[in-house]
Each structure stands twice: as C-alpha cells, then as structure tokens.
Amino acid sequence: MDVDEFMVFYETRSDGEHWELIEGAAVLMTPASLAQRRIAHNLCDHLHSTFTARRLDLFAYINVCVRSPGVRNFQPQPDVVVIPGIVGYDLYSERFQLIAEIFSPANTRKEIDLKLRRYREAPDNLYAVVIEPREFLVEIHAKRSNWQPIILRKPNDPIEMPEFGLLCSVADVYRGTPLDPRSAKASYSVSRSS
C-alpha cells in the first residue's frame with residue numbers, strides 16, 4: 001500500500017481508530033494511555049517554552065502524521081512532532097525537526113527501529129526520541145551525533161537538545177505520571193491499598 005491508497009483506506013475507518021502506514025502495511029495502533037498522553041504533553045510544554053524563549057519559529061504537535069519526501073510506503077503518526085514555520089491544511093508534514101515515539105503495549109522494538117530508520121532519513125529531522133512510559137528510559141537519537149543513541153535512565157539525567165536550546169531532566173518529562181518522583185509515595189500508597 002502506498003500513501004495515497006492508505007489515505008483512501010483511512011477515510012473509511014471510524015474516527016476513534018489510529019492507523020499508521022509502516023513499510024506499506026496499514027497498522028492499527030492501540031489507544032494511548034493517560035500516562036503516555038501526559039508524557040507527550042510534558043515534552044511539548046518544555047519544547048514550547050524553549051521555542052518561545054529563543055524566538056524560534058517551531059511548534060510541537062501531538063499525533064500529527066509525517067512523511068519523508070520520496071518515501072511512498074511510510075506515514076506514521078508519532079506522539080510528538082516539531083514542525084517549522086507556518087503550516088497549511090494538510091493532514092501530514094514532510095518537514096519536521098523532531099519526532100518522539102512513546103512506547104505502547106502494541107509497539108515492538110522491531111517496529112520502533114523501523115520507524116527510527118525512516119526518521120533518520122528525513123532531510124530536515126534533527127532528533128528522534130523514544131520514551132518508555134513504564135520506566136525511566138529516554139533514548140535520544142541526534143543527527144549531530146550521527147544518530148548514535150544516548151540512553152537516559154535516571155530521573156536527574158539531563159535531556160539536552162542544543163539546536164533548540166532545550167535543557168530539562170528526564171523527571172520533567174514524567175511529571176504527573178506514576179513515575180513522577182514527586183508523587184512516588186502517593187502512587188505507592190494508592191497501589192498498596194487497592
């Protein structure tokens with residue numbers, strides 16, 4: 001299936017379904033958990049603050065479809081996408097500078113690695129980020145580092161993206177989730193009393 005066939009297929013699906021085109025196959029994605037959504041919003045909030053402070057003409061979107069120029073069998077919908085400049089009325093963007101994927105139970109490592117390969121090939125992309133919502137694990141793949149991943153596993157580990165001026169901690173991305181260090185005792189006591 002190519003992107004045009006996928007869009008025809010997609011329009012026949014119900015509104016609540018989240019489909020992606022991965023290597024020519026339509027893949028139904030599971031709904032995001034509240035923790036996944038909170039992580040996406042937290043990352044967007046930090047990015048927006050940085051963009052505003054540095055007066056960068058960038059915006060972080062949640063669940064926007066992307067394509068790579070010349071690649072006809074790939075149209076995923078990452079959890080977070082940073083797009084430069086003014087956008088139009090398209091349903092996807094071919095210009096993006098950051099992609100973040102938050103693991104869900106339906107994701108396999110093989111699928112994420114396939115997506116990472118395509119994200120690295122996109123000409124304008126600077127970052128591909130993978131986040132595990134059930135443990136402190138943030139992978140940052142940066143173009144400036146030849147896409148070699150930096151693995152962050154501690155709440156105080158810094159997330160640095162100098163091209164954007166972003167500096168925050170891993171814990172900042174997990175705020176308001178069961179892994180939030182500020183609410184760890186509350187989460188523990190709630191789960192123990194259940």
Side-chain angles (χ1 to χ4, degrees), residues 18 31-68 76-104 107 112 115-116 119-120 122-187:
H18 175 147
S33 70
L34 290 175
Q36 289 170 274
R37 292 170 196 245
R38 180 64 186 261
I39 289 167
H41 280 280
N42 290 343
L43 180 57
C44 284
D45 289 347
H46 283 285
L47 288 164
H48 288 145
S49 294
T50 300
F51 300 159
T52 300
R54 296 194 69 197
R55 295 187 176 136
L56 298 176
D57 189 15
L58 300 169
F59 195 84
Y61 295 86
I62 293 177
N63 293 329
V64 172
C65 294
V66 297
R67 293 182 183 174
S68 290
Q77 190 176 356
D79 297 289
V80 175
V81 180
V82 170
I83 299 173
I86 296 173
V87 296
Y89 298 102
D90 296 316
L91 299 176
Y92 63 88
S93 178
E94 287 188 348
R95 292 183 59 226
F96 52 89
Q97 294 186 349
L98 176 145
I99 295 287
E101 291 277 357
I102 302 168
F103 268 109
S104 71
N107 292 128
I112 291 293
K115 290 180 176 182
L116 285 171
Y119 297 152
R120 289 189 298 258
D124 297 320
N125 192 23
L126 301 174
Y127 290 97
V129 179
V130 179
I131 302 170
E132 168 55 64
R134 291 169 198 79
E135 65 178 284
F136 290 116
L137 176 60
V138 177
E139 292 179 26
I140 300 174
H141 304 254
K143 187 175 197 171
R144 69 178 154 73
S145 301
N146 201 28
W147 300 110
Q148 294 302 307
I150 295 171
I151 311 296
L152 307 173
R153 295 182 180 273
K154 297 178 186 161
N156 292 329
D157 283 346
I159 296 174
E160 299 179 82
M161 298 181 183
E163 293 87 344
F164 303 141
L166 178 70
L167 177 59
C168 66
S169 72
V170 167
D172 291 332
V173 175
Y174 287 88
R175 293 276 185 243
T177 73
L179 293 176
D180 185 341
R182 297 174 306 166
S183 63
K185 290 179 184 174
S187 295

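Numbers here are sequence positions counted from 1. What you are looking at is a predicted structure, and each value in this text was computed from that prediction instead of being measured.
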- So, Gln148 and Ser145: side-chain donor and acceptor under 3.5 Å apart, yes or no? no
Item to check | Donor-acceptor under 3.5 Å (Asn125 side chain, Leu98 main chain) | outcome: yes
Q) Can you check whether Leu116 reaches Trp147 side chain to side chain, under 4.5 Å on heavy atoms? A) no
Are the side chains of His46 and Thr50 in contact, using a 4.5 Å heavy-atom criterion? no
Sorted by chain and residue number, the side-chain hydrogen bond (donor to acceptor under 3.5 Å, both in side chains) partners of Glu139 (sequence neighbours excluded) come out as Arg109, His141
Query raised in the report: Can you tell me if Gln36 uses its side chain to pair, donor with acceptor, with the backbone of Phe103 under 3.5 Å?
Result: yes
Value for CD (Gln97) from CZ (Phe164), rounded to nearest 0.5 Å, stands at 5.0 Å
Distance col, row Leu166:CG vs Leu43:CG, nearest 0.5 angstrom, shows 7.5 Å
Applying side chain to side chain contact (heavy atoms under 4.5 Å, CB included) to Lys154 and not counting sequence neighbours gives Asp157
Hits for side chain to side chain contact (heavy atoms under 4.5 Å, CB included) against Cys65, two or more places apart or cross-chain, chain-then-number order -> Gln75, Gln77, Tyr92
- Item | Contact check, side chains of Asp57 and Pro84, non-hydrogen atoms, under 4.5 Å | no
In terms of heavy-atom contacts, Ile102 and Ala40 come closest through CD1-N, 3.6 Å
What one should report as the nearest heavy-atom pair of Ala100 and Pro78 is O-CB, 3.8 Å
All heavy atoms of Cys44 vs all of Ile62, minimum pair found to be SG-CG1, 3.6 Å
Can you confirm whether Ile99 sits close enough to Lys115 that some side-chain heavy atom of one is under 4.5 Å from a side-chain heavy atom of the other?
no
Phe136 meets the side chain to side chain contact (heavy atoms under 4.5 Å, CB included) criterion, sequence neighbours left out, with Pro155, Val170, Tyr174, Leu179, Pro181
* Asked: Taking everything shown except Leu34 itself, do over 12 heavy atoms lie less than 6.0 Å from its CG?
  -> no
Phe96 meets the ring-ring contact (aromatic ring centres under 6.0 Å, His included) criterion, sequence neighbours left out, with none
For Ala60 and Leu47, the nearest pair of non-hydrogen atoms, with its separation, is CB-CD1, 4.0 Å
Across all chains, not counting sequence neighbours, the side-chain hydrogen bond (donor to acceptor under 3.5 Å, both in side chains) partners of Arg134 are Glu132
Sequence neighbours excluded, the answer for side-chain hydrogen bond (donor to acceptor under 3.5 Å, both in side chains) partners of Arg37 is none
Sequence neighbours excluded, the answer for ring-ring contact (aromatic ring centres under 6.0 Å, His included) partners of Phe59 is His48, Tyr61
Asp124 meets the side chain to side chain contact (heavy atoms under 4.5 Å, CB included) criterion, sequence neighbours left out, with Arg95
Side chain to side chain contact (heavy atoms under 4.5 Å, CB included) test vs Ile140 passes for just one of Ile159, Ile151, Val130, namely Ile159
CG of Asp79 to CG of Asn63, rounded to nearest 0.5 Å, is 5.5 Å
So the salt bridge (Lys or Arg N to Asp or Glu O under 4.0 Å) pairs with at least one residue in residues 163-177 (sequence neighbours excluded) are Arg144-Glu163, Asp172-Arg175, Arg175-Asp180
With sequence neighbours left out, the residues meeting side-chain hydrogen bond (donor to acceptor under 3.5 Å, both in side chains) with Asn107 are Ser104, Glu111
| Taking atom CD1 of Ile86 as the centre, does the number of heavy atoms from other residues, nucleotides or ligands within less than 6.0 Å exceed 12? | no
Next on the checklist: Are the side chains of Val82 and Phe51 in contact, using a 4.5 Å heavy-atom criterion?
Outcome noted: yes
